[in-house]
Amino acid sequence: MNFKEILTNWYSVNKRELPWRKTKNPYYIWLSEIILQQTQIKQGLPYYEAFVTNFPTIFDLANASEEEVLKLWQGLGYYSRARNLHFTAKYIVNELNGIFPNTYKELLKLKGIGDYTASAIASICFNEPTAVVDGNVYRFLSRHYGIETPINTTEGFKTFKALATELIDTNNPADFNQAIMEFGATQCKPKNPECTRCPFNSSCEALKNDTISKLPVKLKKTKVSKKHFNFLVCISSDKKTVFNKRTGKGIWKNLYQFPLVETKSSLSVDDFKTHPLVKDFFNGQRYDFTLYNETEIIHKLSHQHLHTKFWIIEVNTLPEEGIYITELHNYPTPVLISNFLNDFNFPV
DNA sequence: AATCCGGGGCG
DNA sequence: CGCCCAGGATT
């Protein structure tokens, strides 16, 4: 048997039953692929179910507000995926009469769709022999063929894309692509791959040379930076608080949070008392405050560690427009904020 | 080509 | 605690 026969045979026996494997509808495949970017199936599955239930067609998604979409996406991370998903749904409905593009080249033009997702949709839905290259493919191919080119470089991408394109089963690109990814995910795993019962263990270069743990090669990434966040949790006498949408280009765009004071270092109670931005925020009004968490909450993102303090501040009237505390849970927020909302007992 | 963007799980 | 995950956009 050749490579593609071994692989697709393995897949026919070992594939998992997943909801998006029961359809070739490009809307559902697109939805699943966006949700599963940099996300494991176990984590993404409930979100996929929720999106299909709330937005059964691309028209439903296009007609929703961005806020509804972000709310449903809450907790999944990489929120630009949700914004691009919504943008592209509206684009397809309004500019393409709701008809999904059906070639790799056209799919690639859509916002939020790059090489991987265009290849996945084109092959799975339209039988175009475009090879997918994701983390699973990098790992499996680098091990099987003993390729040491770093995967997070342009050369690495080109090398593995070309190899996967050579290997793909042009008669059944849909199953081949899903098979090679499934194989990487459940058989040729990052840690403790199942080499003893692997159908490729007689031809695997890495197994032969004992380099499984060294492959794929990945260049070191940049170090994480430390930031200090101070959230101002206002409580007015009429049970309202200030809760605003993040704007600009940084993290958590369009998600909601309490007013934020970012500082160079950790803020003590005395620092807080005299901090110009805090005094400025309350515009001279007097206020009583307590520090909610004595020890900082360290919220870890891939490139930032957010050292966070929540300050509970009682005021007579809010310094700016606010919302009722009972409405807080209706807004899309980062996990850092929603955890606080779950843990903190607002006075009633 | 390098950097940024989240959050969860695993060993 | 470091690494990995069905990547893409921006600079």
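Bear in mind the structure is a predicted one, so any value in this text is a computation, not a measurement. Lettering follows sequence order; numbering is per chain, from 1.
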**Message:** Does A:D115 reach a base, just sugar-phosphate, or nothing at all? Heavy atoms under 4.0 Å.
**Reply:** sugar-phosphate

**Request:** Is it possible for you to check whether A:K245 lies under 6.0 Å from the centre of the six-membered ring of A:Y256, through NZ or CZ, and within 45° of that ring's axis?
**Result:** no

**Request:** Under 4.0 Å between any heavy atoms, over every strand shown, what does A:L76 touch: base, sugar-phosphate, or nothing? Just pick one.
**Result:** base

**Message:** Once salt bridge (charged side-chain N to carboxylate O under 4.0 Å, His left out) is applied, do any residues pair with A:K189, and if so which ones, sequence neighbours excluded?
**Reply:** A:E194

**Prompt:** Taking for each residue the nucleotide of DNA chain C bearing the nearest heavy atom, is the 5' side occupied by A:K111 or by A:L36?
**Reply:** A:L36

**Request:** Between C:dG7, C:dA6, C:dC4, spot the one nearest the side chain of A:P190, thanks.
**Result:** C:dC4

**Request:** Give A:T39 one of three labels, base, sugar-phosphate or nothing, depending on what nucleic acid heavy atoms sit under 4.0 Å from its own.
**Result:** base

**Which nucleotide in C:dA9, C:dA6, B:dG7 has an atom nearest any side-chain atom of A:W20** = C:dA6

**Asked** Is the closest basic N to carboxylate O distance between A:R21 and A:E182 below 4.0 Å?
**Response** yes

**Prompt:** Expressed in angstrom and rounded to an integer, what is the separation of A:Q37 atom CD from C:dA9 atom P?
**Reply:** 8 Å

**Request:** Select one nucleotide: of B:dG6, C:dA6, B:dG8, the one nearest the side-chain heavy atoms of A:V335.
**Result:** B:dG8

Output a table of donor-acceptor pairs, distance under 3.5 Å, between side-chain atoms of residues 332-348 of chain A and any protein atom two or more places apart or on a different chain; print 'none' if there are none.
| residue | atom | partner | partner atom | Å |
| --- | --- | --- | --- | --- |
| A:S338 | OG | A:V335 | O | 3.2 |
| A:N342 | ND2 | A:S338 | O | 3.3 |

**Touch class at under 4.0 angstrom, heavy-atom based, for A:T117 against every strand present** = sugar-phosphate

**Asked** How far, in whole Å, is C:dA9 from B:dG8 if one measures between their C1' atoms?
**Response** 23 Å

**Prompt:** If you check every side-chain atom of A:N192, which of B:dG6, B:dG7, B:dG11 has the closest atom?
**Reply:** B:dG11

**Message:** At 4.0 Å (heavy atoms only), tell me whether A:E182 reaches a base, stays on the sugar-phosphate, or touches nothing.
**Reply:** base

**Prompt:** Considering only the P atoms, how many Å lie between C:dT11 and B:dG6, rounded to the nearest integer?
**Reply:** 15 Å

**Asked** When we call it a touch if two heavy atoms are under 4.0 Å apart, what does A:G75 touch: a base, just sugar-phosphate, or nothing?
**Response** sugar-phosphate

**Asked** Has the side chain of A:Y116 got a donor or acceptor atom sitting under 3.5 Å from an opposite partner on the base of C:dG7?
**Response** no

**Prompt:** So, does A:Y47 use its side chain to make a donor-acceptor pair with the main chain of A:Q74 at under 3.5 Å?
**Reply:** yes

